[in-house]
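Notes follow the structure.
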Amino acid sequence: IETRKFLELMQIEKYKDRLPEKLSGGQQQRVALARSLVIQPDVLLMDEPLSNLDAKLRIEMRSVIKEIQHRIGITTVYVTHDQEEAMAISDRIAVMNEGVIQHIGTPREIYQRPASLFVATFIGRSNVLDATLVPNGDTCYVLLNNGYRIELDTVREEYKTKQPVKVSIRPEEFTILTDSKDALKATVDEWLYLGLNTHYFVRLETGEQAIVIQESSLTDSILPGTTVYLTVKREKINVFLQNGEANLLK
């Protein structure tokens, strides 16, 4: 009865008379998961279970694992180097560096407010720019090297002193404008069309390089050599100590 239950749960009951080598990669992974679940363990450990599957099967199995884990209710420790996979499957993530936990939190917390610069650059892509933090009454602002100023009202009290900092800006947190007086001036070096989004590789006036991700339009992409102006969604940026060890924002 238990065997049939988990075959049905994994949607492989119709393959019950086949040998594993006669199944596809995704079906074999479902069998392996069913074998682990049928003994009803207190804790289930998965060590990069999807690493040998192609991209399409990995996405399919992510959904299967998350759904089954929630339906069965077994605590699952899932080890992966695939950041997107970790974000898709986890309720909570522990990011480790050389065996030391850097940040524990929900996927949203870790992506939006990473505890350190290492976490910010490890989970997802991020542009890291040099800047100066400047107190301004009850608030602060960061001043990038080209003079672009970003007002902040979420700096922790203990960090409200003038100091050099690292500013982390996710590629999707930029907005491209064709003309603006109060923006980061940049030149497009290259672009990559990926259907839903287009990735622009730009060079700032300071020589710093950045990646900007924008929703693709029906018209042509911005060609290399074009001058553009970037504004920043200030509520989503992160500011770190110069050594990267702490996030200055609440």
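Values below: all heavy atoms of this structure, side chains included; hydrogens, waters and symmetry mates excluded. Here the structure is a predicted model, which means the values were calculated and not measured.
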Under 3.5 Å: donor-acceptor pair, side chain of R156, backbone of L249: yes
Minimum-distance pair of heavy atoms, taken over all atoms of E48 and T80: CG-CA, 4.0 Å
What do you reckon, is CD of E98 surrounded by more than 12 foreign heavy atoms closer than 6.0 Å? no
If you round to the nearest 0.5 Å, how far is CG of N197 from CD1 of I213? 6.0 Å
Is there a donor-acceptor pair under 3.5 Å between the side chain of K166 and the backbone N or O of V128? no
Are more than 12 heavy atoms from other residues, nucleotides or ligands located less than 6.0 Å from atom CD of E215? no
How about K233: does its NZ atom have over 12 heavy atoms from other parts shown lying under 6.0 Å from it? yes
Taking the side chain from R170 and the backbone from A120, do they hold a donor-acceptor pair closer than 3.5 Å? yes
Considering only heavy atoms from C-beta outward, does the side chain of L230 approach that of L204 to under 4.5 Å? yes
Under a 4.0 Å threshold between the charged nitrogen and the carboxylate oxygen, would R62 count as salt-bridged to E84? yes
Does I68 belong to the same Ile/Leu/Val/Met/Phe/Trp/Tyr cluster as V38, with side-chain heavy atoms less than 4.5 Å apart forming each link? yes
Nearest 0.5 Å, what's the CD-CG distance between E21 and L19? 4.5 Å
Minimum heavy-atom distance V212-Q214, with the two atoms named: CG1-NE2, 3.7 Å
Going by heavy atoms in the side chains, are Y148 and T231 under 4.5 Å from each other? yes
So, the side chain of D153 versus the backbone of T139: is there a donor-acceptor pair under 3.5 Å, distance only? no
Do any N or O atoms from the side chain of N146 and from the backbone of T206 form a donor-acceptor pair under 3.5 angstrom? no
CD/Q163: more than 12 non-hydrogen atoms of other groups inside 6.0 Å: yes
Say you draw a straight line from CD1 of I150 to SG of C140; how long is it, rounded to the nearest 0.5 Å? 13.0 Å
Taking the side chain from Q83 and the backbone from R125, do they hold a donor-acceptor pair closer than 3.5 Å? no
If you measure from the Lys or Arg side-chain nitrogens to the Asp or Glu carboxylate oxygens, is any gap between E157 and K160 under 4.0 Å? yes
Can you tell if the side chain of L33 reaches within under 4.5 Å of the side chain of M46, non-hydrogen atoms only? yes
Can you tell if the side chain of I65 reaches within under 4.5 Å of the side chain of Y78, non-hydrogen atoms only? yes
Heavy-atom nearest pair, V79 first then P49, reads O-CD, 4.3 Å
Return the CH2 to CG distance between W191 and L223, rounded to the nearest 0.5 Å. 7.5 Å
If we only count heavy atoms from C-beta on, is the N136 to E151 side-chain gap below 4.5 Å? yes
Over all heavy atoms of both residues, which pair between Y200 and I176 is shortest? Give the atoms and the distance, please. CD1-CD1, 3.7 Å
Flag the pair R58 / D82 as yes when at least one side-chain heavy-atom distance between them is below 4.5 Å, and no otherwise. yes
Do the rings of F122 and F118 sit parallel, tilted or perpendicular, given the 30° and 60° boundaries? parallel
Do we see a donor-acceptor contact under 3.5 Å between the side chains of D130 and N145? no
Is it true that atom CG of D138 has more than 12 heavy atoms of other residues, nucleotides or ligands lying nearer than 6.0 Å? no
Closest heavy-atom pair, L50 versus M61, reported as atoms and distance to 0.1 Å, is CD2-CB, 3.6 Å
Evaluate whether atom CZ of R149 has more than 12 neighbouring non-hydrogen atoms of other residues, nucleotides or ligands under 6.0 angstrom away. yes
Is there a path of hydrophobic side-chain contacts, each under 4.5 Å between heavy atoms, that joins Y111 and V239? no
What's the spacing between D189 CG and I211 CD1 if we round to 0.5 Å? 11.5 Å
Using a 3.5 Å distance criterion without hydrogens, assess whether the side chain of Q28 forms a donor-acceptor pair with backbone atoms of P20. yes
Would you say that R113 contacts H103 through its side chain, given a criterion of any heavy-atom pair below 4.5 Å between the two side chains? no
Do R234's NZ or CZ and the ring of Y141 fall within the cation-pi criteria of under 6.0 Å and 45°? no
Distance-minimising heavy-atom pair for I104 and R92: CG2-NH2, 3.4 Å
I74 backbone acceptor or donor facing T76 side chain under 3.5 Å: yes
For residues S216 and T198, is any side-chain donor paired with an opposing acceptor at under 3.5 Å? yes
Interatomic spacing from CD in Q102 to CD1 in I110 - rounded to 0.5 Å: 11.0 Å
